[in-house]
Amino acid sequence: MEKRELICIGCPMGCPLTVELENGEIVSVSGYTCKRGDVYARKEVTNPTRIVTSTVMVEGGRADMVSVKTKEDIPKDKIFACVKALKGITVKAPVHIGDVILKDVAGTGVDIVATKDV
Ligand code: SF4
């Protein structure tokens, strides 16, 4: 039986989670205080994903940078490619919250959107 120890990132309590696996299948999850911990542990072990936040340069705005994020979670192993794809991007002001800054980042099918007006 394989055991994976994780810390839940669902809230600041950071519950220590234990996932037991048998032949790659989840047998049990323990240590969570609420259902979100169970859901997080199962996803983290089988298909870990994250929202990525970053900034890109803005031309002609009140600020030089705008904060951006992936519209949805992307696979954890695509985070580096995502950050790399955002390097060197400059957008023209005005930029509005929710504007698509980059489509299909790193072939994930997920867009990068602005999280601020500039
Ligand atoms: S299991 Fe629930 S209470 Fe514990 S850290 Fe995760 S979200 Fe918070």
Side-chain angles (χ1 to χ4, degrees):
M1 178 104 49
E2 186 194 341
K3 251 189 194 180
R4 296 269 303 271
E5 308 283 345
L6 307 167
I7 301 291
C8 181
I9 59 171
C11 84
M13 270 181 70
C15 296
L17 309 172
T18 303
V19 182
E20 289 186 334
L21 300 124
E22 186 94 65
N23 301 322
E25 296 285 319
I26 296 169
V27 177
S28 71
V29 179
S30 57
Y32 54 87
T33 305
C34 72
K35 190 71 191 158
R36 279 196 296 160
D38 182 38
V39 171
Y40 167 75
R42 290 174 188 277
K43 198 167 158 232
E44 187 65 9
V45 167
T46 54
N47 176 30
T49 60
R50 292 287 185 277
I51 292 277
V52 176
T53 59
S54 187
T55 53
V56 298
M57 302 287 284
V58 179
E59 228 177 65
R62 278 176 287 121
D64 294 336
M65 308 282 277
V66 63
S67 51
V68 298
K69 71 175 189 73
T70 50
K71 203 170 176 187
E72 291 150 34
D73 288 15
I74 63 167
K76 222 171 154 182
D77 63 2
K78 291 277 187 178
I79 292 174
F80 183 72
C82 172
V83 171
K84 205 173 157 197
L86 289 172
K87 243 185 164 179
I89 287 188
T90 302
V91 292
K92 283 194 172 23
V95 181
H96 300 292
I97 293 176
D99 282 358
V100 174
I101 302 297
L102 182 64
K103 277 193 159 298
D104 185 21
V105 66
T108 57
V110 175
D111 296 340
I112 297 286
V113 293
T115 57
K116 204 173 140 186
D117 289 331
V118 174

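Counting starts at 1 for both ligands and their atoms, in listed order. In this chain, numbering begins with 1 at the start of the sequence shown.
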Polar side-chain atom of Thr70 near backbone of Val52 as donor-acceptor pair, under 3.5 Å:
yes
Should we count CD of Glu25 as having more than 12 external heavy atoms under 6.0 Å?
no
Sub-4.0 Å atoms of ligand 1 with respect to non-hydrogen atoms of Gly10:
7 (S)
Would you mind checking which non-hydrogen protein atom is closest to atom 6 (Fe) of ligand 1, with the distance to 0.1 Å?
Cys8 SG, 2.3 Å
Does Lys69, at its NZ atom, have more than 12 non-hydrogen atoms belonging to other residues, nucleotides or ligands within less than 6.0 Å?
yes
Report the C-alpha separation of Asp73 and Arg50 in whole Å, then their side-chain angles, then the decisive distance to 0.1 Å, and conclude whether the side chain to side chain contact (heavy atoms under 4.5 Å, CB included) test is met.
CA-CA 5 Å; Asp73 288 15; Arg50 292 287 185 277; 6.0 Å; no
Residues Thr115, Thr53; criterion side chain to side chain contact (heavy atoms under 4.5 Å, CB included); working and verdict:
CA-CA 9 Å; Thr115 57; Thr53 59; over 6 Å; no
Is it possible for you to say whether Ile89 and Val95 belong to one hydrophobic cluster, with membership spreading through side-chain heavy-atom contacts below 4.5 Å?
yes
Should you measure from each heavy atom of Arg36, which atoms of ligand 1 turn up under 4.0 Å away?
7 (S)
Starting from atom 4 (Fe) of ligand 1, which protein heavy atom do you reach first, and at what distance in Å?
Cys15 SG, 2.3 Å
Cys11 N/O/S atom closer than 2.8 Å to atom 6 (Fe) of ligand 1:
no
N, O or S of Cys34 under 2.8 Å from atom 2 (Fe) of ligand 1
yes
Here the atoms of ligand 1 under 4.0 Å from any heavy atom belonging to Gly14 are 5 (S)
